[in-house]
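Residue numbering restarts at 1 for every chain, and letters A, B, ... go by the order of the sequence lines. This one's a predicted model, so the numbers in the text were calculated from it and none came from an experiment. Hydrogens, waters and symmetry mates are skipped; everything else that's a heavy atom, side chains included, is used.
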There are 2 protein chains.
Amino acid sequence: MDQTVRNIKELAALLNISPTTVSRVLNGKADDYRISPATTKKVLDAAREFNYHPNRIARGLRLEKTETIGLIVPDIANPFFAHVAKTIEFEARRNGYSIILCDSLDDIETESELLKLLAGRKVDGIILAPVGTGTGHISEFLKREIPSVVIDRYLPGLDIPSVSTDNYTGAYLATEHFIAAGHSRIACIQGINGISVNTDRVDGYRDALKNHNLTVDNSMIAGDDFGEKNGYDQTVRLLGSECRPTAILALSNLISLGVMRALSEAGLKIPDDMSLVSFDDQPYSAFLASPMTTVEQMKEEIAREAVQILLENINSGRSAGKVNKKIMPELIIRNSVKNMRKIPVRDHSSHL
Amino acid sequence: MDQTVRNIKELAALLNISPTTVSRVLNGKADDYRISPATTKKVLDAAREFNYHPNRIARGLRLEKTETIGLIVPDIANPFFAHVAKTIEFEARRNGYSIILCDSLDDIETESELLKLLAGRKVDGIILAPVGTGTGHISEFLKREIPSVVIDRYLPGLDIPSVSTDNYTGAYLATEHFIAAGHSRIACIQGINGISVNTDRVDGYRDALKNHNLTVDNSMIAGDDFGEKNGYDQTVRLLGSECRPTAILALSNLISLGVMRALSEAGLKIPDDMSLVSFDDQPYSAFLASPMTTVEQMKEEIAREAVQILLENINSGRSAGKVNKKIMPELIIRNSVKNMRKIPVRDHSSHL
DNA sequence: AACTTTTGCACAATCGTTTGCGCATTTACA
DNA sequence: TGTAAATGCGCAAACGATTGTGCAAAAGTT
C-alpha cells in the first residue's frame with residue numbers, strides 16, 4: 001500500500017527494531033555501528049516504501065543545526081539583489097541548505113531586527129547585504145558567533161568576511177572609457193556617501209581623471225542616494241550649471257533612470273547631447289533609446305563566493321580567516337557614449 | 001551585566017522557579033494559570049535583562065508549528081516575482097512568519113522536489129507560482145494537507161485557492177487599445193500554451209477582436225514560451241509573413257524584449273513601423289526607445305491577497321473555501337502604439 | 001476548629017531525533 | 001572446551017520548549 005509513516009518510531013515498530021538502528025542506517029552510520037547488511041537493506045527499503053523522511057525540526061533541535069541560511073537584502077525587487085538571491089538560493093540548496101529571505105526595506109532598524117529574528121530562528125549562517133552607514137547593530141550581532149558573510153559591500157573595522165564588486169576598478173574603467181572618447185567634463189552622480197560601494201566608485205572615478213591629467217572638479221561629483229529621484233535632481237542641477245558636463249557616470253541603475261528622465265524632459269538625446277555610463281547592467285539596457293554602456297557586476301560569482309565562504313565557516317566552526325573578496329566587474333560597451341574625437345562610432349545597438 | 005541566557009531552564013534557575021512558570025508567563029498565559037503579578041513581573045524583567053528568546057526550533061517541534069511559509073517561484077530574478085516576493089515577505093513577517101524562498105528554475109521536476117523539501121521542513125503553508133503544464137505532483141502534494149495558495153495562475157481541477165491577474169480583461173483592454181488606434185492586423189505572441197495565464201490572455205485578445213468585428217487569424221497567434229528568444233523568433237517570422245501585422249501584443253515582458261531586438265535588427269522603429277503593447281510593466285518601460293504601453297499587474301495586491309488567504313487557512317486549520325481571486329490589471333498608456341487614423345498622437349514619453 | 005475553596009506554582013510527559021554506552025550472542029582462537 | 005574478540009543492536013538521556021494534572025499552602029466559610 002502507498003502508506004505513510006510519520007516518525008522514526010513507527011517505522012522502527014513496523015520492522016521490529018529500535019529507532020536507534022533506523023536512525024543510524026538512514027544517516028549512513030550503519031558501518032560505524034555494525035548494523036548488518038540485511039537490517040540495513042530492510043530499513044532503507046521500508047523508508048522508501050513508506051515514504052519516510054526525518055522530521056527536520058526535531059533533527060535541528062537535537063543537532064543544533066537547521067541547515068538554513070538567512071539572507072537579508074535591502075530590496076529584493078532590485079534586480080541586482082534578485083539575481084544574487086537566485087544564485088545564493090541555488091548554491092545553498094545544492095548543499096542541502098534552505099534560504100530564509102528577509103527584506104530590510106532599506107531600513108537600518110529593520111535590518112537590526114532581522115538579524116535578531118534570524119538568530120532566534122537558529123539559522124546556521126547569514127548572508128547580509130547591509131543598508132545605510134551604521135554598523136553598531138552588526139558588531140553587536142557578531143557577538144552571537146553566527147557565521148556570516150557580507151555581500152555587495154565591506155565593513156571596515158568589523159570582523160566579518162565580505163564579497164563585493166571591485167567598484168574602484170569598475171568606476172575607473174568607465175571613466176577611462178569616457179576619456180578615451182575625448183570627454184573631459186565628466187560628472188559623477190553618486191549614491192549614499194560614506195559606504196564602501198560609493199566611496200570606492202568615486203575614488204576610481206577620481207583616480208582615472210587624475211591619472212589622465214584631468215582636474216577633478218568637486219561640483220561634478222553630486223548626489224547622496226542610489227535612487228531614481230537623486231539621479232533626476234542632480235541631472236537637472238548639472239544641466240543648469242555654468243559649465244555643463246558632456247558625460248555622466250551614474251553610480252547605480254536607478255540613478256541612471258533618473259538621469260534619463262531628466263534628459264528626456266529637457267529634450268536632450270543620448271549620446272548626442274549627453275553621454276552616459278551606468279553601473280549595473282540590466283536586461284533592458286540593450287533596448288533603451290540608446291543602448292547603454294554599463295558596468296556589469298558579476299552577480300553570480302558574488303553569490304557563489306559568498307555561499308562558499310559561508311559554508312566553509314559553518315563547517316569549520318567559524319572564520320576561515322577574514323577575507324574581503326573583490327570581484328572584477330565588466331564594462332559592457334554599447335552606444336551611450338559620444339565620441340568627441342569626431343571619429344564615427346560604430347553602432348552597437350544590437351550588442352546584447 | 002549584559003549577560004545572556006541560553007534556555008528557559010537557565011532563566012528559571014536564576015529566578016528559583018520552574019521552567020513551566022517562565023514559559024507560561026512569556027506566552028501570556030500567566031492569568032490562565034494563576035501566576036502572581038509579582039512572579040510575572042520578575043520573569044518578564046529577567047527575560048529582558050538576560051536577553052532571553054525562546055528557541056524557535058524547540059518551540060516548533062513541540063507545537064508542530066514553525067511560523068514559516070514556503071514560497072516557490074519559477075524565477076526570482078524575474079521582476080514580477082521579485083516584486084511579489086517582496087510584498088509576501090513583508091506581509092508574512094508582519095504576521096510573525098518567515099519566508100523560505102525556493103526558485104524552481106522554471107523546471108517542473110525541481111518544483112516537485114521543492115514541494116517535498118518544504119513539507120519536510122514542516123512549513124505551515126506554501127505559496128506556489130507553478131511552472132509548466134503538469135499538475136500531477138501538485139495534486140499529489142495536496143494530500144499532505146499543508147495549507148497552500150497558488151499565485152499568478154490557477155489550476156482548474158485542483159482543490160487549491162489561487163490569486164492571479166484577470167488576464168482575460170488585461171489582454172482584452174490592450175487589444176481594444178490597438179483597435180481604437182485603428183489597427184486591424186494585430187499579432188499576439190504567446191507564452192506556454194495550455195496554462196491559464198496564457199489561455200486567458202489569448203481568449204481576451206480573441207474576444208476583443210471578435211467583439212469589434214475583426215476576424216481572428218490564427219497565424220497571428222504565435223509562439224509557445226514566455227522567454228525572450230520566443231519573442232525574437234516569432235517576430236522574425238511575423239515580419240517575414242505575407243501579410244505583416246501592424247501591431248504586436250506581447251504576452252510577457254521578456255517576449256517584448258525579444259520583439260524589440262528583432263525589430264531593432266530589422267531596422268524598424270516603434271511605434272512608427274510597428275506598434276507594441278506588452279504585459280508586465282517594468283521600471284524601465286517608460287525609458288525605452290519608445291516608452292512602452294503595458295498591461296501592469298497589481299503585484300502587491302496579489303501578494304497581499306495570497307498571504308491573507310493562506311494565513312486564514314492556516315489558522316482555521318485548512319481551506320476557508322476554495323477561492324479563485326482575480327485581480328484587475330491596469331493598462332498604462334505610453335507611446336508604443338501608432339495611431340493609424342492619422343490623428344496625431346500626443347507624446348507621452350514623459351509619462352511614468 | 002474543621003472543612004472547603006482558592007491561590008500559586010511544579011512534576012513529568014511529550015514533540016521526533018540522535019548518540020554514548022552497554023549487553024547479549026556469536027565467532028575465533030588456542 | 002574455555003576464553004577472548006567480534007558482531008549486532010537496544011536503552012535511555014538529551015536537545016528546549018509546552019501543558020495536563022496535581023499538590024501544598026493560604027484564605028475563606030460556618
Can you tell me if A/Y33 touches the phosphate of C/dT18, counting only side-chain N or O atoms and a distance under 4.0 Å to OP1 or OP2? no
Hey, is the side chain of A/T21 poking within less than 4.0 Å of OP1 or OP2 on D/dG10, counting only N and O atoms? yes
Under 4.0 Å from OP1 or OP2 of C/dT19: is there any side-chain N or O of A/K29 that close? yes
Looking at B/R59, I'd like to know whether one of its side-chain N or O atoms comes within less than 4.0 Å of OP1 or OP2 on D/dG16. no
N/O (side chain, B/N7) to phosphate O (OP1/OP2, D/dG16) under 4.0 Å: yes
Nearest to the side chain of B/R34 - D/dA17, C/dG16, C/dG8? C/dG8
Would you call B/R24 and B/D32 a salt bridge, using N to O less than 4.0 angstrom? no
OP1 or OP2 of C/dC9 less than 4.0 angstrom from a side-chain nitrogen or oxygen of B/S36, does that happen here? yes
Does C/dC9 have OP1 or OP2 sitting under 4.0 Å from an N or O in the side chain of B/T39? yes
Ranking C/dG16, C/dT18, D/dT18 by distance to the side chain of A/S23, first place goes to C/dT18
Per atom distances to the B/A58 side chain, the nearest of C/dT18, D/dG16, C/dC21 is D/dG16
Side-chain contact check for A/S18: nearest option of D/dC11, C/dG16, D/dG16 is D/dC11
State whether A/Y52 places a side-chain N or O below 4.0 Å from either non-bridging phosphate oxygen (OP1 or OP2) of C/dT17. yes
